[in-house]
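Worksheet: the structure to be examined is printed underneath.
Quick note: numbers below take in every heavy atom, side chains included, and nothing from hydrogens, waters or symmetry partners.
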Amino acid sequence: MDKKLITGLILAGGRGSRMGNVDKGLQPFRGSTMAQHVIDRLLPQVGSVMVNANRNIDAWLELAAPVWADETPGFAGPLAGLEAGLRHCVTPWLLAVPCDSPFLPHDLAVRLAAAAEDANADLAFAATQEPGMRAQAHPVFCLVRASRLPVLSQYLLEGGRRMDGWYKDLKAVEVLFDDLDAFRNINTLEELHGLDDTLPPTLAKVTSCLDGYDPDALPVRDAQRIIGDFVQPVRSVEKVALRSALGRVLAVDVISPIDVPAHDNSAMDGFALRGADLREDAPVSLRVIGTALAGNPSGLVPVSGQCVRIMTGGVMPDGCDSVVPQEFVKHDGDSIVLPAGVIRPGDNRRFAGEDLKAGSSALKAGRIVRPADLGLLASLGMPEVAVQRRLRVAFFSTGDELRSVGEPLGEGCVYDSNRYTIYGMLQRLGCDVIDMGVVRDDPDALEQALRSACENADAIITSGGVSVGAADYTKQVMAKLGDVTFWKIGMRPGRPLAFGRIKSNGRSAFLFGLPGNPVAVMVSFYFFAREALLRMMGAEAPLPLLRARSSVAIRKKPGRTEYQRGILATGADGQPEVRITGSQGSGILRSMSEANCMVVLHDEQGNVVSGDMVDIIPFEGLM
């Protein structure tokens with residue numbers, strides 16, 4: 001059947017009572033509206049599209065025209081919409097689909113039309129069948145002869161409302177489709193949001209994927225997985241000058257605009273020659289006809305028995321395919337003599353595009369630009385590069401006992417060291433930081449600080465106030481502002497952790513509530529916040545786990561992950577060897593300063609015997 005013989009009808013005339021009395025089809029979904037997805041799938045299958053809607057007509061006209069309201073009063077359901085469509089249909093056939101089925105099949109019209117023509121039917125409708133179950137009809141997905149309008153109108157006039165009841169006296173054919181999801185109706189906002197992979201996930205949805213999730217006894221790997229699944233990249237790109245790109249995250253793949261090198265050239269100082277002139281059984285004498293310098297093509301074209309003196313990077317003369325290093329030859333006036341078999345044809349020649357072909361990917365998006373990358377970008381002639389904007393991170397410490405550096409230290413008070421270690425760790429990641437100082441133990445002050453941080457930053461790092469002994473208001477304030485969970489993680493040091501997303505005045509930010517002990521702050525940051533912040537930057541840079549031999553015995557209980565400060569050195573046999581720094585208390589910041597690596601003892605591990613191999617993470621480049 002020619003698709004021009006079919007008019008498509010979007011049924012959108014319901015009350016929308018299941019979605020807060022908002023038209024289903026106008027609900028946001030995957031970057032547009034649910035109805036737009038339906039239209040995009042339906043329009044290629046039919047000659048034209050119209051809509052049945054009873055309100056928000058202007059909004060519907062922006063999606064498709066014309067728009068027709070029910071003519072049977074009282075919201076008589078999809079049959080009233082079908083009747084309105086048939087009344088205004090100018091083609092022999094009308095294909096009706098609901099506005100809340102954005103996954104409808106791309107071949108719906110073709111298959112329904114073929115079945116209707118084969119059976120000379122008045123109507124064809126879709127059906128699906130689960131294994132071992134009876135077929136389920138979907139009569140709202142139907143292709144109807146426009147001439148059958150009087151039958152439908154009489155059915156409605158008599159009070160009929162069943163979608164599958166009006167055509168009992170007509171010839172109808174059922175068409176079985178394999179894809180059950182293509183005909184699903186989205187009836188609630190929760191269901192809609194659950195299917196919208198462009199919306200940020202909720203913590204409840206992320207944690208539901210874990211078997212045996214227990215926030216009071218959460219393994220490290222599960223907490224890391226939840227955080228990784230929950231945080232979303234910040235999509236904002238800027239172009240910066242090449243020298244300013246160091247340490248930034250590439251926003252797009254860098255495509256080489258040129259071949260590198262641009263021409264076939266010499267890999268060393270020597271003489272360019274024809275490979276056909278080489279001999280394996282006797283010396284070869286070649287006359288030197290000139291010199292080719294790097295950056296100055298010679299234009300020389302040697303013939304058989306001739307060669308060209310060439311410098312490293314010099315363009316290969318036409319006809320030459322090999323270079324003999326200058327130290328391999330003897331000079332005889334204006335000629336050189338090559339020993340037998342000194343090189344093979346093709347040796348010491350670099351081909352155009354050997355490093356990079358024009359149009360190929362030089363660097364991938366998500367890469368953190370290193371010094372070597374700056375050189376590579378410069379070799380491509382790129383004066384600027386597209387990078388992700390810097391991540392804005394606000395941070396503060398909580399506690400009445402804390403004093404900032406420079407303030408007098410009263411009895412029972414301590415200087416706030418955590419803000420300085422957090423500042424340093426964020427700087428190493430290349431973040432733009434907002435230091436909000438110390439927030440006192442007061443619910444109003446905490447809420448005000450969190451709101452201000454949320455409205456000005458992409459992420460928030462707090463230290464203190466999330467442990468068992470903390471006042472209940474900390475949890476209440478954080479939970480009041482958004483989707484926040486509080487964990488007791490199976491780790492040492494750093495058991496308590498708060499994580500989630502808070503909102504204020506239309507802005508949102510991811511929240512990492514770290515414990516208050518100085519070492520616990522650093523450990524929690526590196527093993528939970530660091531990778532999440534990098535993911536928000538669009539970068540992937542997992543911590544490198546290396547192996548080293550433990551030079552000492554280490555006590556360890558199975559069932560939790562332990563992070564011990566270590567000193568990595570070279571053993572007597574030249575192999576890497578590590579020892580811990582001594583007391584591993586979470587408040588001993590000096591142990592972190594003395595260490596040059598972290599010893600990672602995983603959940604399942606028990607005591608470590610001297611000589612055992614353990615995982616380590618070096619601090620070099622990290623801290």
Side-chain angles (χ1 to χ4, degrees), residues 20 22 27-33 189-190 192-209 215 223-238 249 251 388-398 422 426 429-436 439 443-463 465-466 473-487 497-514 524-525 528-539:
V22 176
Q27 290 283 357
F29 183 67
R30 294 187 178 180
S32 55
T33 61
L189 285 175
E190 291 77 13
L192 179 68
H193 293 163
L195 291 169
D196 193 344
D197 50 22
T198 65
L199 292 176
T202 64
L203 275 171
K205 181 179 179 180
V206 173
T207 56
S208 68
C209 300
Q224 291 170 333
R225 176 182 169 184
I226 292 169
I227 293 172
D229 289 345
F230 189 69
V231 298
Q232 302 293 315
V234 173
R235 306 294 186 187
S236 185
V237 178
E238 60 186 9
V249 179
Q388 299 284 358
R389 75 157 170 81
R390 291 188 187 277
L391 198 68
R392 292 188 291 269
V393 183
F395 63 101
F396 59 83
S397 300
T398 61
I422 292 172
L426 291 173
L429 285 183
C431 301
D432 282 339
V433 299
I434 305 172
D435 185 351
M436 299 182 63
V439 177
D444 291 337
L446 178 61
E447 179 174 346
Q448 182 179 354
L450 287 172
R451 286 189 179 278
S452 177
C454 179
E455 293 168 19
N456 291 281
D458 306 300
I460 305 165
I461 308 287
T462 69
S463 65
V466 295
Y473 71 77
T474 302
K475 295 183 178 181
Q476 293 171 359
V477 170
M478 289 182 173
K480 172 184 176 181
L481 297 179
D483 189 7
V484 181
T485 188
F486 297 85
W487 291 327
L497 188 76
F499 171 68
R501 180 176 51 230
I502 64 173
K503 298 180 180 180
S504 179
N505 290 327
R507 297 291 304 274
S508 68
F510 291 99
L511 171 68
F512 300 87
L514 308 184
S524 298
F525 181 93
F528 298 107
R530 174 188 176 275
E531 193 160 336
L533 295 176
L534 285 169
R535 175 167 166 73
M536 292 178 68
M537 297 177 195

Look up atom CZ in Arg501 and atom CG in Leu511, then write down how far apart they are to the nearest 0.5 Å.
11.5 Å

Any donor and acceptor pair, going by atom type alone, linking the side chain of Asp458 with main-chain N or O of Arg392 inside 3.5 Å?
yes

Which pair of non-hydrogen atoms, one from Leu497 and one from Ser524, has the smallest distance, and what is that distance?
CD1-CB, 4.4 Å

Using 0.5 Å steps for rounding, measure from the SG atom of Cys431 to the CD1 atom of Ile434.
11.0 Å

Check whether any side-chain heavy atom of Leu533 sits under 4.5 Å from a side-chain heavy atom of Phe525, and report yes or no.
yes

Give the minimum heavy-atom separation between Gln388 and Val234, together with the two atoms involved.
OE1-O, 3.3 Å

Within this structure, what is the CH2-CD1 distance for the pair Trp487 and Ile226, rounded to the nearest 0.5 Å?
4.5 Å

Please identify which of these residues, Phe528, Phe512, Phe510, meets the ring pair (Phe, Tyr, Trp, His ring centres under 6.0 Å) condition with Phe230.
Phe510

side-chain contact (heavy atoms from CB on, under 4.5 Å) for Phe395 and Thr462? Distances and angles first, verdict last.
CA-CA 6 Å; Phe395 63 101; Thr462 69; over 6 Å; no

Nearest 0.5 angstrom please: Glu531 CD to Gln224 CD, how far?
7.0 Å

Does Gln448, at its CD atom, have more than 12 non-hydrogen atoms belonging to other residues, nucleotides or ligands within less than 6.0 Å?
no

Would you confirm whether Ser397, through its side chain, and Val439, through its main-chain N or O, come within 3.5 Å as a donor-acceptor pair?
no

Validation row: Gln476, Pro443 side chains within 4.5 angstrom (heavy atoms)
no

Hey, what do you get for CZ (Arg535) to CG (Leu391), rounding to the nearest 0.5 Å?
13.0 Å

side-chain contact (heavy atoms from CB on, under 4.5 Å) assessment of Phe499 paired with Val231:
CA-CA 10 Å; Phe499 171 68; Val231 298; 3.9 Å; yes

With heavy-atom distances below 4.5 Å as the criterion, would you say the side chains of Leu481 and Cys454 are in contact?
no

Minimum heavy-atom distance between Ala394 and Ala457, given as atom pair plus value
N-CB, 3.7 Å

Set of residues satisfying ring-ring contact (aromatic ring centres under 6.0 Å, His included) with respect to Phe396, sequence neighbours excluded
none

Could you tell me whether the side chain of Arg507 and the main chain of Asn456 form a donor-acceptor pair under 3.5 Å?
no

salt_bridge(Arg451, Glu455) N-O dist < 4.0 Å
no

How long is the span from the CD1 atom in Ile460 to the OG atom in Ser508, to the nearest 0.5 Å?
9.5 Å

